[in-house]
Amino acid sequence: MKIDFKQTEPKWQKRWEEAGAFRAEDFSDKPKFYNLVEFPYPSGHGMHVGHIKAYSGLEVVSRKRRMQGYNVLFPIGFDAYGLPTENTAINDNLHPRVVTDRNIEKFTSQLKRVGFSFDWDRVVDTTEEGYYRWTQWIFLKMFEKGLVFRDTALVNYCPSCKVVLSNEDSQGGKCDICKSDIVQKSKTVWYLRITEYADKLLSGLEEVDYLPNVKQQQVNWIGKSTGAFVNFSLKEIDEKLRIYTTRPDTLFGVTFMVIAPEHPIIEANRDRIANIDALDAYREECAKKTEFERTQLVKDKTGICIDGLTAINPVSGKEIPIYISDYVMMGYGTGAIMAVPAHDERDWAFAKKFGIDVVEVIKGGDVEKGAYAGDGEMVNSEFLNGYTNKKDSIARMIEHLEEIGVGEKGVQYKMKDWAFNRQRYWGEPIPIVHCPHCGIVPVPYEELPLRLPEVKNFEPGEGGESPLAKIDAFVNCKCPKCGKDAKRETDTMPQWAGSSWYFLRYIDPKNENAFADEAKLKYWMPVDWYNGGMEHVTRHMIYSRFWHKFLYDLGLVPVSEPYAKRTAQGLILGPDGEKMSKSKGNVVDPNDVVDFYGADVLRTYVLFMGDYGSAAPWNESSMKGCKRFLERIADLTDLVKGEGVTPKLETPFHKTVKKVSLDIEDLKFNTAIASMMTLLNDIADVGSLTKDELMILVRLLCPFAPHLAEEMWETLGGEGLCSLAAWPEWDENKTVESTVEVAVQINGKVRATVAIPFNCSKEDAIAAAKADEKIAAAIEGKSVIKEICVPNKIVNIVVK
RNA sequence: GCGGGUAUGGCGGAAUUGGCAGACGCGCAAGAUUUAGGAUCUUGUGUUCAUUCGUGCAGGUUCGACCCCUGUUACCCGCACCA
């Protein structure tokens, strides 16, 4: 039969919608299954073929699950707050609300055109009042529990976007949005105390089924290290210099100390430091460097010795000079280190440059030629001499430090607290009031949502203040506590706020009394399967796990981990093999593909083009192969003869049902489709098939090419929607032929194949192999040393 | 530097995890159909005339290795002066 996709695709999309075919039911007798895909940021460019691939994976799983009788929740929404929208709005002189609505509309129509089986009744939009009200609510809960704090510190700042960025948003020293170099700036910012959850985020990984590299990346990002804090006395003043080290056992090898240029001890002791002018000059220079420059100059160590402060080694009593250098960061540990040049590369390079002594405390290397970081016997270390096990020597030293009261065991994380405010308009207002009498006062829960005010000019101020700061009607308010005049916080939340809990809102998107109903949460959570991009592993994934764990500790969600399983799709590259980007002009627009080939071809192609988890280049002619495949399937209606089973096709059908069923569970869509193609070739060889058989194939095809499947299902007289028909089952016994071709090897080389009954005995198989004339000739006159038989696979005869 | 991964025809990729390497698709070639192009269909397609040789490279284990072990090279991704 001939299919006109331009007519059939919209027809079935409408029928699904009218039938509410993909609506998830709260509380059902069916088993539940919650499939989640990362909701898109509705940018002005519309959808990308990458989105299609990202959603097609769990789309297929969702459709299969429904056919298997599950109550499936497969929702979609829009993560609509954020800078790009705001920048577009500024450029086009429109309100961000208008831009957002326009973009959401565009995305919605594109998603619907592809025929995704989302539950459109549960769409969430993070910028809607009914949504961000609860984002603010959770923020206030965090405030209430002491997880929100304000601090003045060096933060990542993007001079181009004019915003403070979190660590996660400035990876590699580049602004995540505009890719320009970020700078360090001292600012007062709001933080979420995510480090409080570092251990829980780490240990929680043990109970979830995430892709191994997803887990590993999170472990690395959290970056837990164990060691010790040591307090060094200072010769000149009655103050301690506190350091963190993972190797306290090398304390006898310390020949100098290094503190970060920003370390407060310098400011506090200006008068005492003889070379303060030189230090100031150096510090100023460091402040000017971008993060990028600071890391590029790794090899070339710079620094200055502080003239006027001397540390005392707490175990040896020796006097140690203190340097400032930008290879020590204020943001990690205590901003100060004990330098052991013999056993640390960076310290070694620094010591060589400044002519500082190198004292070996671990045997095994030549410390004059380079730092030795390996294991070995402890030397020059008094009570530690003779220790050969790192663990023991560290434990012994910590014990000693605790005894003499100069240090203790410590833990550090690379992950830092989450800098949470942005100086832009298009985000959730932070519901806080600054009162001259009461200090920082949260907006009462009943006043939520704290609405984003309408403004004309939402460009950020030159001084880096939020556009909201210019709106007096918003800023000026009464203190909720004392009732006197006060001012509102004018910064907004970062883009990652709304996406940190959206999977909970899908469960109860219209609830006005809670972020979601308790019983519904209990029914649906956790998300059974979450698929998304690798780029979100160290941001969205960590952030949302943190929020969810916080809600769990409050008893507001039923499970501690939000996502039971996490997988990731690979990128679609441009036809040139490069990452798709507008500047390279290699972007493929899904709309063009749907116009020309139809949604079914697009869906099938993005899943057939390669391994789902790997990147693969777009190849138009390969897509034509998928078009041909679907056309040939449609033509099968002409080959239908009778009902029941075609003997020659029985095994191929059972095989294919099994293969498709199992491959979908492993995201091996390419081989699932390939097996249907193979079946199609088998059918073509036979020249006919029965109606029952075709209806099996149509149902297997349905998750991939649902419009064609529905059309054929209807033509064949199938009951109801194919999308809701029962998923075909297979009989394991019928997945194999009664006779199998077995390869016969002589000394491991294939010499012949013989057809023998399936599961026949080893003896029979070997006898059959020997009966083959080629094999008989090969063994002729030689002595058989060994005969190996793997049932149904191979016979190997070793001769001499 | 640390962590993770990949390497198979002209291309995208398969291989039940130690058992006939190259499924399936693209591309290509020949033929059919067509006024022609396109589309479609049929056949062929790792290499070699052949015995052969073939899964980045060099070894090893095994009756048998894309798969396991040792060494090595290249590329990709993430983090990175983390003390």
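We use all heavy atoms of the structure for the numbers below, so side chains are in, but hydrogens, waters and symmetry mates are not. Labels below follow one simple rule: chain letters A, B, ... track the order of the sequence lines, proteins then strands, and each chain is numbered from 1.
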Quick test: give all pairs of protein nitrogen or oxygen and nucleotides 60-69 of chain B nitrogen or oxygen below 3.5 Å, distance rounded to 0.1 Å.
from: C63(B); atom 1: O2'; to: Asn796(A); atom 2: ND2; distance (Å): 3.4
from: C63(B); atom 1: O2; to: Asn796(A); atom 2: ND2; distance (Å): 2.3

Quick test: give all pairs of protein nitrogen or oxygen and nucleotides 39-50 of chain B nitrogen or oxygen below 3.5 Å, distance rounded to 0.1 Å.
from: U40(B); atom 1: OP1; to: Arg628(A); atom 2: NE; distance (Å): 3.0

Contacts under 3.5 Å, N or O only, protein and nucleotides 5-12 of chain B:
from: G12(B); atom 1: O2'; to: Met609(A); atom 2: O; distance (Å): 2.4

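Between Tyr244(A) and A83(B) there is no side-chain polar atom (N or O) within less than 4.0 angstrom of OP1 or OP2.
Under 4.0 Å is where a charged nitrogen must lie from a carboxylate oxygen, and between Asp249(A) and Arg247(A) at least one such pair does. Glu631(A) and Lys627(A) are joined by a salt bridge, as a carboxylate oxygen and a charged side-chain nitrogen come within less than 4.0 angstrom of each other. A salt bridge links Asp635(A) with Lys2(A): the distance from a Lys NZ or Arg NE/NH1/NH2 to an Asp or Glu carboxylate oxygen falls below 4.0 Å. Salt bridge Arg566(A)/Glu38(A): present, at least one basic N to carboxylate O contact under 4.0 Å.
Applying the side chain to side chain contact (heavy atoms under 4.5 Å, CB included) criterion to Glu578(A), with sequence neighbours excluded, gives Asp576(A), Lys584(A), Asn586(A). A search for side chain to side chain contact (heavy atoms under 4.5 Å, CB included) contacts involving Ala674(A) returns Phe608(A), not counting sequence neighbours. For the side-chain hydrogen bond (donor to acceptor under 3.5 Å, both in side chains) test, residues two or more places apart in sequence or in another chain that qualify with Arg242(A) are Asn231(A), Glu408(A). Here Asn759(A) pairs with Asn792(A) under the side-chain hydrogen bond (donor to acceptor under 3.5 Å, both in side chains) rule; sequence neighbours left out.
A donor-acceptor contact closer than 3.5 angstrom links the side chains of Tyr543(A) and Ser166(A).
For Glu787(A), the CD atom counts as densely surrounded, since its 6.0 Å shell holds more than 12 non-hydrogen atoms of other residues, nucleotides or ligands. Other residues, nucleotides and ligands contribute at most 12 non-hydrogen atoms within 6.0 Å of the CZ atom of Phe596(A).
Counting only residues at least two apart or in different chains, salt bridge (charged side-chain N to carboxylate O under 4.0 Å, His left out) contacts with residues 208-231 of chain A comprise Asp199(A)-Lys224(A). Pairs of residues two or more places apart, or lying in two chains, that qualify as salt bridge (charged side-chain N to carboxylate O under 4.0 Å, His left out) and include a residue from residues 656-665 of chain A are Lys64(A)-Glu665(A), Arg65(A)-Glu665(A), Lys658(A)-Glu732(A), Lys659(A)-Asp663(A).
Between Tyr605(A) and Trp618(A), the ring center distance clears the sub-6.0 Å criterion. Here Phe256(A) and Phe350(A) bring their ring centres to under 6.0 angstrom of each other.
The Gln216(A) side chain lies nearest to G4(B) when the options are G4(B), C26(B), A83(B).
Per the geometry, OH belonging to Tyr612(A) stands 15 Å off P belonging to G13(B), to the nearest Å.
Distance noted for atom C1' between C77(B) and G18(B): 30 Å (whole Å). Between G22(B) and G54(B), the two C1' atoms lie 11 Å apart (nearest whole Å).
Using a 4.0 Å heavy-atom cutoff across all strands shown, Asn681(A) reaches sugar-phosphate atoms only and no base atom. If you check every strand for non-hydrogen atoms under 4.0 Å, Glu787(A) touches nothing. Val750(A) comes within 4.0 angstrom of the backbone, heavy atoms only, and of no base.
If you find the closest nucleotide of RNA chain B to Ala336(A) and to Trp221(A), the one lying nearer the 5' end belongs to Trp221(A).
A perpendicular orientation is assigned to the rings of Tyr612(A) and Phe669(A), their planes being inclined by more than 60° (bins at 30° and 60°).
In the region residues 662-671 of chain A, proximity to RNA chain B at under 4.0 angstrom, judged on heavy atoms, holds for Lys668(A), Asn670(A), Thr671(A). Near-neighbour residues of RNA chain B inside residues 753-771 of chain A, defined by a heavy atom below 4.0 Å, number-ordered: Thr753(A).
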field: From CA spacing to verdict: side chain to side chain contact (heavy atoms under 4.5 Å, CB included), Asn156(A), Asp169(A)
entry: CA-CA 9 Å; Asn156(A) 303 306; Asp169(A) 275 341; over 6 Å; no

- line: Dot-bracket assigned to RNA chain B with the 3.5 Å Watson-Crick/G-U criterion, [ ] for crossing and | for other-strand pairs, is (((((((..(((......[....)))((((((.......))))))(......)..(((((..]....))))))))))))....

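For a distance-only test at 3.5 Å, the side chain of Lys793(A) fails to qualify as a donor-acceptor partner of the base of C20(B).
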